[in-house]
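In what follows, a structure is listed as C-alpha cells, so that the remarks can point back to it.
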Amino acid sequence: MAKNELTGVERQLVLDYLVDGNAPLTISLEKEDSSVSLGQEPVQPVFPLALKAEQIQVLEQGIILLKNAPESDSLFLGRVVRVQFYFNKLALYFITKVQAVPAKKSKPEEPVTLALVIPASIFKVEDKKNQEKSGFSVTVYYEASSKKNEKRQTDIVCDFDERFPLFVHSDYKEIAKRYLSEKEISEAESIEGRIHSPKVVYIDSARILFGARKIDMPFAADYEYAVLFRFPISGPVKERKVYFTCVVDEVFENYDCNRLCACAKISSIREEDVRFLSDKMSHDGK
C-alpha cells in the first residue's frame with residue numbers, strides 16, 4: 001500500500017460520505033492517459049470540470065453517475081481522469097475511467113449518462129513542498145498601534161513569484177496589471193481553505209508590490225507596515241538586511257480571478273539602503 005493511500009476502513013468512510021451526496025467533485029484529465037496514442041493530440045483542450053453535489057449521484061456500489069453536468073463533460077468520455085474532492089477538509093483523489101451508461105431501450109432519445117467507478121485505491125493529495133527562495137526573504141511586521149490588525153499580529157514571511165523577477169526596470173502599475181491579468185493554474189491543495197502568504201512581485205527603492213488571492217491578502221489601504229528584506233551576499237557576512245516601513249496607498253483588484261495587488265510606498269528607509277536597492281536595480285535589472 002502506498003504511503004498516501006487510504007486504508008480499507010478509511011475508504012469505506014469516504015464512500016459512505018460520497019453516497020450521502022455531500023462532496024463536490026473536480027474531474028481533470030490524467031496526464032498519463034494511456035488511451036491517447038503517442039503523438040496524438042486531443043481534438044480540443046480538456047479543462048478541469050467542477051461538479052456540484054446536485055450534479056452527481058453516488059451509488060452504494062461505488063459508481064458515480066454524472067447528471068445535469070455541462071456538455072463539456074462528454075470530452076472526458078473514454079478517458080482516464082483524476083477525480084478530486086475534500087473529506088473533512090482533507091484533499092483526496094482517485095484515478096478512474098469515464099464510461100457511458102447505455103440509454104434505456106424505452107427512452108433512446110435520453111442523453112448519454114456518464115459514469116465513474118470508484119476504484120479500490122483512494123489517495124491523499126500530497127502536501128506541496130516549499131520552493132527554494134534563492135536566498136531572498138521578505139518578512140512583514142504589523143504595527144501594534146493598528147486597531148484593524150489587532151486580530152492578526154502574526155508576522156508574515158512572503159513568497160516570490162518566479163514569473164516576476166525582482167529588480168527590473170518597470171512601471172509598478174504595469175506589473176500589477178500583468179499579475180492580475182495572467183492566467184495562473186492552481187494546483188491541488190492538500191488542505192481545504194489553506195491560507196497562503198502574499199507574493200512580492202515588484203520592489204524598488206520607493207515601492208513594494210504584493211500580490212495575493214483576495215482571501216489571502218492581509219494588507220489594507222492606508223495602513224503602515226514594517227518590512228525586513230534579507231539578501232544573500234558573498235563574503236564573511238552572508239546576508240545584507242534592509243529594513244523599512246511602508247504605507248499601502250493603492251490596491252488593485254481583478255474581480256474575475258479574485259486576486260489583489262497591494263502597492264505600498266516606502267515611508268522610512270536609511271539612505272544607505274536606498275543606494276543598495278538602487279544599485280540592485282542598476283546591476284540586476286539591466
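Count residues from 1 along the sequence. Owing to the predicted nature of the structure, the values given are computational and were not obtained by experimental measurement.
Ring-centre distance between Phe219 and Tyr225: below the 6.0 Å cut-off.
Surrounding CD of Glu60 are at most 12 heavy atoms belonging to other residues, nucleotides or ligands under 6.0 Å away. Heavy atoms of other residues, nucleotides or ligands lying less than 6.0 angstrom from CG of Asp222 number 12 at most.
Between Glu253 and Lys214, at least one side-chain nitrogen of the basic residue sits less than 4.0 Å from a carboxylate oxygen of the acidic one, meeting the salt-bridge criterion. Taking the charged nitrogens against the carboxylate oxygens, Arg163 and Asp161 do have a contact shorter than 4.0 Å, which makes a salt bridge. A salt bridge links Asp249 with Arg207: at least one charged nitrogen is closer than 4.0 Å to a carboxylate oxygen.
Cation-pi geometry between Arg82 and Phe94 is not satisfied (NZ or CZ under 6.0 Å from the ring centre, within 45° of the ring normal). A cation-pi arrangement, defined by a distance under 6.0 Å to the six-membered ring centre and an angle within 45 degrees of its axis, is absent between Arg240 and Phe231.
Remark: Asn254 CG to Tyr179 OH distance equals 10.5 Å, nearest 0.5 Å. Atom CD of Gln55 sits about 10.0 Å away from atom CG of Leu25, to the nearest 0.5 Å.
Relative ring orientation between Phe87 and Tyr17 is described as perpendicular, the plane-to-plane angle rising above 60° on a 0-90° scale split at 30° and 60°.
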**OP:** Verify side chain to side chain donor-acceptor pair (under 3.5 Å) between Gln84 and Ser28, making sure each step is shown before the conclusion.
**Re:** CA-CA 8 Å; Gln84 183 180 312; Ser28 58; over 6 Å; no

